[in-house]
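These figures come from a predicted structure and were not determined experimentally.
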Amino acid sequence: MLRIYNTLTRKKEPFIPMEEGKVKMYVCGMTTYSDAHIGHARTYVAFDIIRRYLEYKGYEVLYIQNITDIDDKIINAANEANMDPLEYSAYYAERCLEDMRKLGIRDASLYPKATEHIDDMIKLIEKLIEKGYAYVADGDVYFSVERFQEYGKLSKQDMKQIKAGARIQPGEKKRKPEDFALWKAAKPGEPKWRSPWGEGRPGWHIECSVMSSRYLGIPFDIHGGGQDLIFPHHENEIAQSEAAYGKNFVNYWLHSGMLKVRGEKMSKSLGNIINVRDALKQWDAEVLRFFFASYHYRSPADFGEDALKNAENAVKRLRIAREKLAEMAGEDENFDENKLDEKEKEYLAAIKELRTKFEEAMDDDFNTPKALETLFDFVRKTNKFLMEKEKPDEKLCRYALNEFLRVANVLTLLQEEEKRMDEDAIRRLGEKYGVIKEKIEDVIEGLLAIRRKAREAKEYELADAIRDALREAGIEIEDIGKETKWRII
RNA sequence: GGGCGGGUCACCUAGAGGCCGGGUGGCGGACUGCAGAUCCGCAUACGCGGGUUCAAAUCCCGCCCCGCCCUCCA
């Protein structure tokens, strides 16, 4: 039974979707006015894993992630760059999605954009005005917070606190400081849309109320985002949606912890924002994903050299185990349990345990660090099994590999092979030793043949030179007796 | 001030009242021409001070420290 921590109740609750077998989830996406940073990556990897686990459990998941493509910051940034704001945000939206794909995050079911839903926003605002929850003030429209009794229920703040923190910015025409904008009258030169209150553009919060209910209905199952969005954004979404529709908006609110950099908050003023693009120059996408998965999604995470280095080594251990298993694995996984000997039966038990322990961990509010433990436990048992068993059952090995990959995939690990070897360097090396072949694999084999002869002749300098050069190029070799295996590291 | 989450071995993380955490790194052993990989073993831990209990990293109280939010934020 999956249990999920709900920010609304501050408790772990059994997860029961609205519709059996289906999960409708919405995660607040990016405001696209610059490249995605590793904080975004953390959040979207976390929700990607959540989505994958739900699918692993057999749910059909409809996963909506919005793109905020109109907003003050976009307009300002576009003006500075001397570009049209909508072109500007479209450009960054594309780049951000590209970054997420490079990270290995699966696409959401849909990435709706704010500017494509202006009509629906206007309708919702009209409804709020009709019902007396919103008012027009000189071309602006504001939500009247005190009209919504439950305001503050998500962030656990009472009205007194909210009022104490609220301010009226210059140019705003709201009646109460705690009110927030649903619609903003256009200033000269800004992108604008026609509305019953004059030309203008939507406030930030309204888009999520509109797009979530448009694609998922209301209420829907899961609404996620970074912890920094709890207040005011998600609080405001609740106010808008529940005031307008008179019913519960979301069943489970999930919030991911913030990412720090070397113990400090990531912020423009500290100048320590790390873009996904830059992070990918230094670290493998899979290493970054492992790093994120090694923290529980609600805990703060700290992006530091040591932790990344640890992750890099840990990932290597997983990859090697995968390779070793793959070498022994046959075509299909339909092994015959009666043909297994004692050792194999013992290993079969370990394979089955992988799944149960993994699920136990993930069922507990997506405890990915705990889930990783089960992977490493399995790796140790696999290595031991392959070491002790001369000719392991091929089908059993295929089954083990498949099971391993199935759970690893949920954690976004051991996915499609990324080319990490430097083919050019290997070919140059081949030329040096007179090995010229079409296929890179043949070049490597040829080099290894030369090395084998060298070893037999006890010409260890040459043997080691080839080994070191291959290692430089991303190929690691392993001598087992007379035989030599190689793998991409 | 209000809300939330933390302080666990050299490093990164998980954690149920009693027994176990895992990864990285280190040390020793097996294997090896060497290296790597792997296996086995070893070490280092629960911010501070009280309390509850036969038993506390875990529950309670107080304190110190850190991070996040409190109308820009993922």
Side-chain angles (χ1 to χ4, degrees), chain A residues 7 10 27-31 36-44 46-47 71-73 76 145 152 155-158 160-162 164-169 172 174 177-181 203-205 224-233 235-236 255-260 263-268 290-291 293-296 298-302 304-318 320-321 323-324 361 364 367-377 379-380 382-384 386-388 455 458 460-461 463-464 467-468 471 476-481 485 487 489:
Chain A
T7 308
R10 311 274 152 144
V27 173
C28 286
M30 286 173 271
T31 301
H37 58 66
I38 51 174
H40 295 117
R42 199 269 162 114
T43 295
Y44 300 121
F47 283 103
D71 134 287
D72 288 346
K73 273 180 302 201
N76 292 338
V145 165
S155 54
K156 308 290 177 225
Q157 299 188 83
D158 59 32
K160 230 199 271 168
Q161 294 164 5
I162 286 165
R167 275 167 296 220
I168 299 185
Q169 298 294 326
E172 288 185 321
K174 52 191 176 185
E178 66 272 22
D179 293 348
F180 59 89
W204 174 35
H205 315 292
Q227 261 162 15
D228 53 344
L229 297 185
I230 295 172
F231 190 87
H233 186 236
E235 199 72 72
N236 291 353
H255 292 95
S256 58
M258 305 311 283
L259 181 73
K260 297 183 279 179
E264 287 178 314
K265 176 190 172 147
M266 196 166 48
S267 74
K268 281 204 188 88
F290 182 96
F291 167 79
S294 72
Y295 292 82
H296 182 91
R298 280 191 283 117
S299 303
D302 194 351
E305 194 81 12
D306 287 352
L308 268 303
K309 199 79 200 136
N310 286 350
E312 194 164 58
N313 291 331
V315 163
K316 192 177 164 196
R317 183 168 159 82
L318 295 177
I320 290 174
E323 291 312 313
K324 290 191 171 180
D364 183 16
N367 192 335
T368 51
K370 196 95 192 148
L372 280 174
E373 282 186 27
T374 69
L375 293 210
F376 283 105
D377 187 43
V379 165
R380 204 189 69 252
T382 296
N383 286 330
K384 203 170 178 176
L386 294 178
M387 188 172 73
E388 288 173 354
R455 286 184 73 207
K458 297 204 194 298
Y460 292 122
E461 254 175 58
D464 291 354
R467 178 173 66 197
D468 294 345
R471 196 171 178 45
E476 188 171 87
I477 63 181
E478 181 179 356
D479 294 325
I480 304 159
K485 287 179 184 167
R487 64 174 79 91
I489 48 170

Rounding to an integer number of angstrom, what distance separates G28(B) and C48(B) when you compare their P atoms?
32 Å
Contact class for N367(A) vs. all strands (heavy atom < 4.0 Å): base, sugar-phosphate, or nothing?
sugar-phosphate
Can you check the distance between C60(B) and A74(B), where both ends of the measurement are the C1' atom (answer in whole Å)?
36 Å
Which nucleotide wins on minimum distance to the side chain of C28(A), given the candidates U71(B), C12(B), A74(B)?
A74(B)
Could you give the distance from CZ (F291(A)) to CG (N310(A)), rounded to the nearest 0.5 Å?
10.0 Å
Starting at CD1 of I477(A) and ending at C1' of U38(B), how long is that distance when rounded to a whole Å?
17 Å
K156(A) NZ to C70(B) C1', in whole Å, measures 15 Å
Side chain of E178(A) only, heavy atoms from C-beta on: which candidate in A74(B), U71(B), A14(B) is closest?
U71(B)
Select base, sugar-phosphate, or nothing to describe what I230(A) touches, counting heavy atoms under 4.0 Å on all strands.
nothing
Give one of base, sugar-phosphate or nothing for I320(A), where a contact means two heavy atoms less than 4.0 Å apart.
sugar-phosphate
Quickly work out the Q169(A) CD to C72(B) P distance and round it to whole Å.
6 Å
Inter-nucleotide P distance (U58(B), C9(B)), Å rounded:
15 Å
Can you work out whether D464(A) or H296(A) has the more 5'-proximal nearest nucleotide on RNA chain B?
H296(A)
The single option from L308(A), T368(A), V315(A) that satisfies side-chain contact (heavy atoms from CB on, under 4.5 Å) with F290(A) is V315(A)
Between the protein and nucleotides 24-31 of chain B, list every N/O to N/O distance that falls short of 3.5 Å.
unit_1 : atom_1 : unit_2  : atom_2 : d
U24(B) : O3'    : N313(A) : ND2    : 3.3
U24(B) : O2'    : N310(A) : OD1    : 2.8

Base, sugar-phosphate, or nothing: which does S256(A) touch, judged by heavy atoms less than 4.0 Å apart?
nothing
Between P of U71(B) and CZ of F180(A), the distance in whole Å:
14 Å
G5(B): pairing nucleotide in any strand, Watson-Crick or G-U under 3.5 angstrom:
C66(B)
Has the side chain of R42(A) got a donor or acceptor that lies under 3.5 Å from a partner of the other kind on the base of A74(B)?
no
Please state the C1' separation for the pair G33(B) and G26(B) - nearest whole angstrom.
26 Å
Just by distance, do the side chain of D302(A) and the backbone of G304(A) share a donor-acceptor pair under 3.5 Å?
no
Taking the inter-plane angle between the rings of H205(A) and F180(A) on a 0 to 90° scale, is it parallel (under 30°), tilted (30 to 60°) or perpendicular (over 60°)?
perpendicular
From NE2 of H255(A) over to P of C70(B), roughly how many Å is that when rounded to an integer?
13 Å
In whole angstroms, the gap separating P of G23(B) from CG of D377(A) amounts to 8 Å
Please give me the minimum heavy-atom distance between A301(A) and Y295(A), naming the atom from each residue.
CA-CE2, 3.5 Å
Looking across every strand, which nucleic acid part, if any, lies under 4.0 Å from S299(A) by heavy atom: base, sugar-phosphate, or nothing?
sugar-phosphate
Name the nucleic acid region contacted by G39(A), choosing base, sugar-phosphate or nothing; use a 4.0 angstrom heavy-atom cut-off, strictly under.
base
Find the distance L372(A):CG to G21(B):P and express it as a whole number of Å.
18 Å
Selection from U71(B), C12(B), U13(B) that lies nearest to any side-chain heavy atom of P369(A):
U13(B)
Contact class for L375(A) vs. all strands (heavy atom < 4.0 Å): base, sugar-phosphate, or nothing?
nothing
Indicate, with a heavy-atom threshold strictly under 4.0 Å, whether G304(A) touches base, sugar-phosphate, or nothing.
nothing
With a 3.5 Å limit on both atom pairs, tell me what A10(B) is paired to, counting Watson-Crick and G-U wobble, or say none.
U24(B)
Taking pairing as Watson-Crick or G-U wobble with both contacts under 3.5 Å, can you name the mate of U58(B), or confirm there isn't one?
none
Which one, G33(B), A74(B), C4(B), comes nearest to the side chain of H40(A)?
A74(B)
Nearest-angstrom distance, C1' atom, G49(B) to C54(B):
23 Å
What distance, rounded to whole Å, do you find between the two C1' atoms, one in G17(B) and one in A56(B)?
6 Å
Looking only at C34(B), C39(B), C4(B), the nucleotide nearest the R10(A) side chain is C4(B)
What distance, rounded to whole Å, do you find between the two P atoms, one in C11(B) and one in U52(B)?
34 Å
For Y295(A), answer base if it contacts any base atom (sugar-phosphate contacts may also be present), sugar-phosphate if it contacts only those atoms, and nothing otherwise; contact means non-hydrogen atoms under 4.0 Å.
sugar-phosphate
Would you give the length of the straight line joining atom CD of E235(A) to atom NZ of K156(A), rounded to the nearest 0.5 angstrom?
8.5 Å
For H37(A), report the nucleic acid contact type (base, sugar-phosphate, nothing); a contact means any heavy atom under 4.0 Å.
base
Nearest nucleotide by nearest heavy atom, which residue falls closer to the 5' end of RNA chain B, K324(A) or K370(A)?
K370(A)
Test log, rule side-chain contact (heavy atoms from CB on, under 4.5 Å), inputs R487(A) and K324(A):
CA-CA 10 Å; R487(A) 64 174 79 91; K324(A) 290 191 171 180; 3.9 Å; yes
Answer with base, sugar-phosphate or nothing: what part of the nucleic acid does D479(A) contact at a heavy-atom distance below 4.0 Å?
base
For a quick check, tell me whether the side chain of R467(A) and the base of C34(B) share a donor-acceptor pair closer than 3.5 Å.
yes
If the C1' atom of A45(B) is compared with that of C20(B), how far apart are they to the nearest Å?
15 Å
Output yes when K309(A) and D306(A) qualify as a salt bridge under the 4.0 Å nitrogen-oxygen rule, no when they do not.
no
Tightest non-hydrogen contact, residues M30(A) and Y44(A), listed as N-OH, 3.6 Å
Please give, in whole Å, the distance from A74(B) P to I38(A) CD1?
14 Å
K458(A) side chain near C34(B) phosphate (N/O to OP1/OP2, under 4.0 Å)
no
Output the distance between atom CZ (R380(A)) and atom CG (N383(A)), rounded to the nearest 0.5 Å.
9.5 Å
Answer with base, sugar-phosphate or nothing: what part of the nucleic acid does L308(A) contact at a heavy-atom distance below 4.0 Å?
nothing
Base G3(B) to side chain Q157(A), donor-acceptor N/O within 3.5 Å cut-off:
no
Drop me the distance from D228(A)'s CG to T43(A)'s OG1, to the nearest 0.5 angstrom.
7.5 Å
Is it the case that G5(B) (base atoms only) and R298(A) (side chain only) share a donor and an acceptor within less than 3.5 Å, ignoring hydrogens and angles?
no
Taking atom OG1 of T382(A) and atom CG of D377(A), what is their separation to the nearest 0.5 Å?
9.5 Å
Does U38(B) have a Watson-Crick or wobble partner in any strand here, with both distances under 3.5 angstrom, and which is it?
A30(B)
Which part of the nucleic acid, if any, lies within contact of I162(A), taking any heavy atom under 4.0 Å across all strands shown: a base, the sugar-phosphate backbone alone, or nothing?
base
Identify whether a stacking contact exists between Y44(A) and A74(B), where the ring centres must be under 5.5 Å apart and the planes under 30° apart.
no
